[in-house]
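Just so we're on the same page: letters track the sequence lines, and every chain starts at 1. Because the structure is a prediction, the values reported are computed rather than measured. Atoms considered below: every heavy atom in the structure, side chains included; atoms not considered: hydrogens, waters and symmetry mates.
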Amino acid sequence: GENVEQHPSTLSVQEGDSAVIKCTYSDSASNYFPWYKQELGKRPQLIIDIRSNVGEKKDQRIAVTLNKTAKHFSLHITETQPEDSAVYFCAASKNNFNKFYFGSGTKLNVKP
Amino acid sequence: KAGVTQTPRYLIKTRGQQVTLSCSPISGHRSVSWYQQTPGQGLQFLFEYFSETQRNKGNFPGRFSGRQFSNSRSEMNVSTLELGDSALYLCASSLEGKNYGYTFGSGTRLTVV
């Protein structure tokens with residue numbers, strides 16, 4: 001089955017700096033890669049996603065890049081703010097009925 | 001519109017008991033998936049239901065089962081509870097058929113003592 005690895009497990013940045021979280025996947029058939037943000041005590045929320053026919057996608061301060069050849073994808077957050085502090089999960093799936101494989105999570109701490 | 005609703009929010013059970021958790025998806029969503037979240041193992045897929053049929057299953061023992069009703073509401077059952085079953089159980093719903101991003105519920109925090 002699919003295996004998704006996520007790095008780093010913790011990331012601490014100063015407010016205003018950029019943060020990058022990287023994930024690799026093993027199944028070349030995976031074609032959909034969402035990212036979720038989970039604040040303490042709350043549910044994971046979808047923040048951005050990318051499909052395998054696209055190399056990059058942006059939404060304001062958040063961007064995701066995908067390298068299908070290398071089988072890795074990354075989340076980029078620019079101009080970080082304290083409210084960006086949370087655990088971020090990457091995930092991968094293929095067209096087989098909503099079965100997602102999640103990375104182990106990255107705890108992002110943005111220091112004011 | 002209402003989000004994904006999970007009940008109850010918290011549960012404390014004793015080893016050996018069984019438990020049933022409930023999930024009501026977003027209106028119009030027919031796919032419901034269940035995940036177990038623990039600090040050590042992260043988010044692990046349990047199973048997915050679509051139109052009352054289990055379409056996908058993760059690598060959990062048979063003590064974990066589920067079902068989906070005609071109104072798309074889903075229940076998850078864990079029998080013969082073990083201490084290691086203590087976790088946050090999340091359900092997520094999505095539009096039918098395709099792998100759009102999930103919308104998660106707030107979860108049920110199960111503690112087994």
Side-chain angles (χ1 to χ4, degrees), chain A residues 1-10 21 23-25 27 29-54 57 59 62 64 66 73 75 86-107, chain B residues 2-7 9-10 23 25-26 29-60 66 68 72 74 87-109:
Chain A
E2 174 66 279
N3 181 43
V4 177
E5 295 191 353
Q6 183 173 346
H7 300 280
S9 56
T10 59
I21 302 170
C23 288
T24 60
Y25 60 99
D27 189 344
S30 290
N31 61 357
Y32 176 67
F33 308 92
W35 285 88
Y36 286 85
K37 174 184 179 182
Q38 187 175 29
E39 297 176 62
L40 190 62
K42 297 189 176 181
R43 61 191 175 91
Q45 291 195 292
L46 179 68
I47 56 171
I48 196 167
D49 56 11
I50 192 167
R51 296 190 182 274
S52 59
N53 59 347
V54 175
K57 184 177 178 180
D59 183 3
I62 295 173
V64 58
L66 171 65
F73 56 113
L75 178 71
V87 178
Y88 292 81
F89 292 94
C90 63
S93 75
K94 50 189 176 183
N95 280 334
N96 70 339
F97 314 123
N98 293 328
K99 182 175 181 178
F100 287 75
Y101 296 87
F102 282 84
S104 53
T106 296
K107 185 174 182 180
Chain B
V4 178
T5 304
Q6 290 188 247
T7 56
R9 290 295 309 276
Y10 302 94
C23 172
I26 290 173
H29 285 193
R30 293 165 60 191
S31 172
V32 175
S33 299
W34 289 88
Y35 285 82
Q36 182 193 66
Q37 186 175 28
T38 59
Q41 299 297 319
L43 278 156
Q44 290 193 295
F45 176 80
L46 280 154
F47 27 66
E48 185 230 358
Y49 286 88
F50 179 77
S51 291
E52 303 178 62
T53 300
Q54 187 182 88
R55 293 199 301 194
N56 277 290
K57 190 176 188 306
N59 296 324
F60 279 81
Q68 187 180 35
S72 294
S74 177
L88 179 67
Y89 290 88
L90 291 160
C91 97
S93 73
S94 66
L95 290 167
E96 66 178 88
K98 301 303 180 183
N99 54 3
Y100 296 108
Y102 290 139
T103 298
F104 280 93
S106 297
T108 294
R109 173 74 64 184

Part of [X] lying under 4.5 Å from any heavy atom of chain A:
X	answer
B:Leu90	side chain
B:Gln44	neither
B:Tyr35	side chain

Please assess B:Gln37 against A:Phe89 for the test side-chain contact (heavy atoms from CB on, under 4.5 Å), listing each intermediate value before the final yes or no.
-> CA-CA 12 Å; B:Gln37 186 175 28; A:Phe89 292 94; 3.4 Å; yes
If you compare all heavy atoms of [X] against all heavy atoms of [Y], which two are closest, and at what distance to 0.1 Å?
X	Y	result
B:Phe45	A:Phe100	CB-O, 4.1 Å
A:Leu46	B:Tyr102	CB-O, 4.3 Å
A:Lys99	B:Lys57	NZ-O, 3.5 Å

Please state whether the side chain, the backbone, both or neither of A:Gln38 comes within less than 4.5 Å of a heavy atom of chain B.
-> side chain
In terms of ring plane angle, is the pair B:Phe104 and A:Tyr36 parallel, tilted or perpendicular, where the classes change at 30° and 60°?
->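 Taking A:Tyr36 first and then B:Phe104, their aromatic rings stand perpendicular (interplane angle over 60°).
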